[in-house]
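Lettering follows sequence order; numbering is per chain, from 1.
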Number of protein chains: 2
Amino acid sequence: MGQVSQKPSRRPRADSVRNRQRVLEAATAVFSAGGPDASLEAVARRAGVGIGTLYRHFPTREALFEAVYRHEVDQLGELARTLAGQGDPVDALRAWLHANVRLVATKKGMLAALALAAHGPKELYAYSFEHLTRAVGLLLERAVAAGEVRDDITAADLLRALVGMCYMNDQPGWQVNVLRLVDVFVDGLRVRPGGS
Amino acid sequence: MGQVSQKPSRRPRADSVRNRQRVLEAATAVFSAGGPDASLEAVARRAGVGIGTLYRHFPTREALFEAVYRHEVDQLGELARTLAGQGDPVDALRAWLHANVRLVATKKGMLAALALAAHGPKELYAYSFEHLTRAVGLLLERAVAAGEVRDDITAADLLRALVGMCYMNDQPGWQVNVLRLVDVFVDGLRVRPGGS
DNA sequence: TTGCAAAACGGAGGGTGCCTCCGTATATAT
DNA sequence: ATATATACGGAGGCACCCTCCGTTTTGCAA
């Protein structure tokens with residue numbers, strides 16, 4: 001992960017760079033609108049490139065997805081790091097989960113990507129899933145360490161529960177519902193004096 | 001919903017009945033193995049009928065799904081009715097949710113069907129979703145009436161949360177994890193003396 | 001500049017699945 | 001036995017997936 005590209009080989013071709021960018025933008029638009037099953041040929045058309053070009057840059061549908069959503073994922077990671085440094089642990093955890101729900105509202109495609117991540121044996125979603133797991137992990141561990149939250153739930157479990165709850169909601173106004181469900185869940189997470 | 005078919009028209013043809021049955025069995029097998037995206041032509045092949053025959057009996061993929069899983073859904077409905085008559089309300093609710101997880105373990109296809117139910121604007125999954133919602137509703141309302149559970153979560157929300165949590169788990173041993181998550185959720189559902 | 005090889009382009013093509021349509025076959029009723 | 005309602009099956013048109021390869025463009029060296 002250190003040195004990347006100082007080999008005195010050739011400079012990457014300008015058209016290649018440009019086309020890659022175009023495809024990426026087109027994919028963002030098309031996936032946002034049509035979900036993860038959208039036609040790759042539609043993406044190519046919209047980008048104004050041949051289907052072959054699309055496939056050369058992104059050999060699989062998954063590769064394209066990952067490229068599109070990597071940015072969002074990074075953002076969530078940063079948010080977690082910020083939140084981990086301040087305020088009540090449980091509040092911070094809840095805040096991150098809420099932010100996640102909100103982000104899903106605008107970028108529904110990522111959801112699908114994550115759903116697939118949990119499903120298929122494809123390793124390609126590893127990046128997103130790992131990063132997000134690490135992100136919640138940060139917050140979760142702090143809350144556990146503070147003795148405010150039970151310790152038998154893993155970060156991955158928590159993330160899956162979150163995504164699952166989002167995934168199943170499509171009705172108008174679903175955000176409110178999901179946020180409520182998240183609150184219920186966080187309540188359930190709390191260690192409580194008299195609990196079983 | 002009363003009289004169904006006493007019109008003195010013709011008796012249904014024997015081959016038609018037989019083929020319908022065959023397609024249904026084939027579909028059960030194929031969907032179980034290959035998920036909800038399995039090829040309908042594969043179903044037809046396995047059933048030993050033409051693709052046209054399949055489509056005549058089940059005009060859409062969804063119709064076929066519904067037929068396949070109606071039975072499972074009915075079973076869960078009955079279980080809810082049984083549980084509603086006995087024991088602690090919260091325990092009953094938890095028991096039903098657990099049973100659901102267990103059933104999902106054997107019939108993963110239903111999961112996918114329900115996931116689609118929440119997603120697409122297709123009304124065809126209404127049956128499953130409505131029935132199950134009614135089923136949890138039974139238990140949830142009883143628990144709310146007993147003052148043991150908060151009253152701002154709907155049966156549909158609860159069901160979606162449940163299915164979502166299942167949906168996102170595919171790893172070996174996922175059942176244990178999901179059951180734990182369900183427990184956390186039910187804990188969170190509880191009305192508690194000092195909570196916010 | 002010019003020339004040339006590496007790199008990228010694009011789309012034809014072979015495969016598969018979806019669903020419709022309609023000529024043919026068959027079961028039921030008279 | 002015949003008529004006719006009913007069901008059958010698969011060909012056909014369309015869309016998508018992905019690969020392969022002849023053509024075009026580009027960067028670099030002379």
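- Contacts of A/Asp37 classified as side-chain contact (heavy atoms from CB on, under 4.5 Å), with partners at least two apart in sequence or in another chain: none.
- Residues satisfying the side-chain contact (heavy atoms from CB on, under 4.5 Å) criterion with B/Val30, sequence neighbours excluded, are B/Ala38, B/Val43, B/Arg46.
- Distance A/Arg20 CZ to C/dA8 C1': 14 Å, rounded to the nearest Å.
- Between B/Asp37 atom CG and C/dG17 atom P the separation is 12 Å, expressed in whole Å.
- Nucleic acid contact class of A/Thr53 (heavy atoms, under 4.0 Å, all strands): base.
- Nucleotide C/dT20 holds its P atom 12 Å from the CG atom of B/Leu40, rounded to whole Å.
- Listed by chain and number, the residues in a side-chain contact (heavy atoms from CB on, under 4.5 Å) with B/Ala92 are B/Leu83, B/Leu139, B/Arg142 (sequence neighbours excluded).
- Across all their heavy atoms, B/Asp152 and A/Arg180 have their closest contact at O-NE, 3.0 Å.
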Protein-nucleotides 12-16 of chain C N/O pairs under 3.5 Å:
none

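- We find that B/Arg18 and B/Asp15 are not joined by a salt bridge, their nearest charged nitrogen and carboxylate oxygen being 4.0 Å or further apart.
- Residues satisfying the side-chain contact (heavy atoms from CB on, under 4.5 Å) test with A/Arg56, not counting sequence neighbours, are A/Thr53.
- Counting to the nearest Å, the P atom of D/dT6 and the CG atom of B/Asn19 are 17 Å from each other.
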Below 3.5 Å is the cut-off: list the nitrogen or oxygen pairs between protein and nucleotides 26-30 of chain C, distance only.
residue	atom	partner	partner atom	Å
C/dT26	O2	B/Arg13	NH1	3.1
C/dT28	OP1	B/Ala14	N	3.3
C/dT28	O2	B/Arg10	NH2	3.1
C/dA29	OP1	B/Arg11	N	3.3

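- Between A/Arg61 atom CZ and D/dC18 atom C1' there is a gap of 11 Å when expressed in whole angstrom units.
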